[in-house]
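Some notes on the structure that comes next.
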Amino acid sequence: MDDEAWMAIALEEARAAAAVGDVPVGALVVRDGSIIGRGRNRRELDRDPTAHAEIVALRDAAQALGHWRVEATLFVTQEPCAMCAGAIVNARIARLVYGCANPKAGAVATLYTIVTDPRLNHRAEVRGGVRAAECAEVLSQFFAELRRGPSY
């Protein structure tokens with residue numbers, strides 16, 4: 001499968017997050033052509049500020065592998081924040097593929113460049129903008145509905 005096809009699966013995770021009231025961000029960890037980790041935002045569901053899609057997917061992948069060095073490709077529908085970018089470095093992610101930019105918290109290319117910073121002990125290859133319009137639309141729809149409030 002290509003990056004666009006993997007991102008389509010990450011978008012399914014994002015939509016599942018929205019369905020339970022969490023911000024629709026989805027993530028996959030892929031190694032050797034197989035999904036070894038899945039995640040979606042679960043902050044509201046788990047009442048956990050660290051339950052971002054990337055963190056959930058990395059934890060899932062590390063459990064599947066039996067060690068913390070994930071060394072795989074991470075697909076995520078939105079550019080990771082600083083916390084998630086740090087986790088990407090610490091998990092030794094080889095490649096990061098993300099959908100839309102994150103203008104308020106993006107720590108890969110928008111506000112910071114954590115995953116490619118040469119001062120750190122690991123850097124990931126990065127490809128941004130994969131299915132960006134679709135990823136952004138899922139987020140836009142979620143926040144538009146949130147602003148409208150409940151429909152009775």
Hey, does [Y] have a side-chain heavy atom less than 4.5 Å from the side chain of [X]?
X    : Y    : value
D3   : R127 : yes
I114 : L120 : yes
R123 : V115 : no

Item to check | Note: E125-R95 ion pair, threshold 4.0 Å (strictly below) | outcome: yes
Checklist entry - Are the side chain of H67 and the backbone of A62 linked by a donor-acceptor contact shorter than 3.5 Å? => result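 Checked: no pair found.
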Next on the checklist: Taking A53's backbone N and O only, do any of them form a donor-acceptor pair with N41's side chain (distance below 3.5 Å, no angle check)?
Outcome noted: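 The answer is yes, because a donor-acceptor pair under 3.5 Å joins these two groups.
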Item to check | Pairwise distance NE2(H52) to CD1(I55) - rounded to 0.5 angstrom | outcome: 7.5 Å
Which heavy atom of [X] sits nearest a heavy atom of [Y], and at what distance?
X   : Y    : answer
I93 : L96  : CG2-N, 4.3 Å
G37 : D60  : CA-OD2, 3.3 Å
G99 : A132 : O-CB, 3.7 Å

Item to check | side-chain contact (heavy atoms from CB on, under 4.5 Å) assessment of R43 paired with D22 | outcome: CA-CA 7 Å; R43 291 185 309 169; D22 264 296; 3.9 Å; yes
Using atom types as modelled, flag every donor-acceptor pair under 3.5 Å from a side chain in residues 75-84 to any protein atom, sequence neighbours excluded.
residue	atom	partner	partner atom	Å
T77	OG1	G26	N	3.1
E79	OE1	N102	N	3.0
E79	OE1	T110	OG1	2.4
E79	OE2	V108	N	3.0
E79	OE2	A109	N	2.7
E79	OE2	T110	N	2.8
E79	OE2	T110	OG1	3.3

Would you please name every residue forming a side-chain contact (heavy atoms from CB on, under 4.5 Å) with [X], sequence neighbours left out?
X    : result
F143 : V23, L139, L146, R147
A5   : M1, D2
D48  : D46, T50, A51, R59

If hydrophobic clusters are built by linking Ile, Leu, Val, Met, Phe, Trp and Tyr wherever their side-chain heavy atoms come under 4.5 Å apart, do [X] and [Y] end up in the same one?
X    : Y    : answer
Y112 : V25  : yes
L65  : I88  : yes
V29  : V126 : yes
V56  : V30  : no
W6   : L74  : no

Item to check | salt bridge (Lys or Arg N to Asp or Glu O under 4.0 Å) involving R119 - partner list, sequence neighbours excluded | outcome: D117
Next on the checklist: Show, in sequence, the C-alpha distance, side-chain angles and deciding distance for Q141 and E137, and conclude whether the side chain to side chain donor-acceptor pair (under 3.5 Å) test is met.
Outcome noted: CA-CA 6 Å; Q141 286 178 354; E137 182 60 24; 3.1 Å; yes
Enumerate, atom names and distances included, each donor-acceptor pair closer than 3.5 Å involving a side-chain atom of residues 7-19, sequence neighbours excluded.
residue	atom	partner	partner atom	Å
E13	OE1	R40	NE	2.9
E13	OE1	R40	NH2	2.9
E13	OE2	R38	NH1	2.9
R15	NH2	E134	OE2	3.2

Item to check | Other residues, nucleotides, ligands: >12 heavy atoms within 6.0 Å of E4 CD | outcome: yes
Item to check | side-chain contact (heavy atoms from CB on, under 4.5 Å) between W68 and N90, worked out | outcome: CA-CA 8 Å; W68 61 268; N90 284 313; 5.8 Å; no
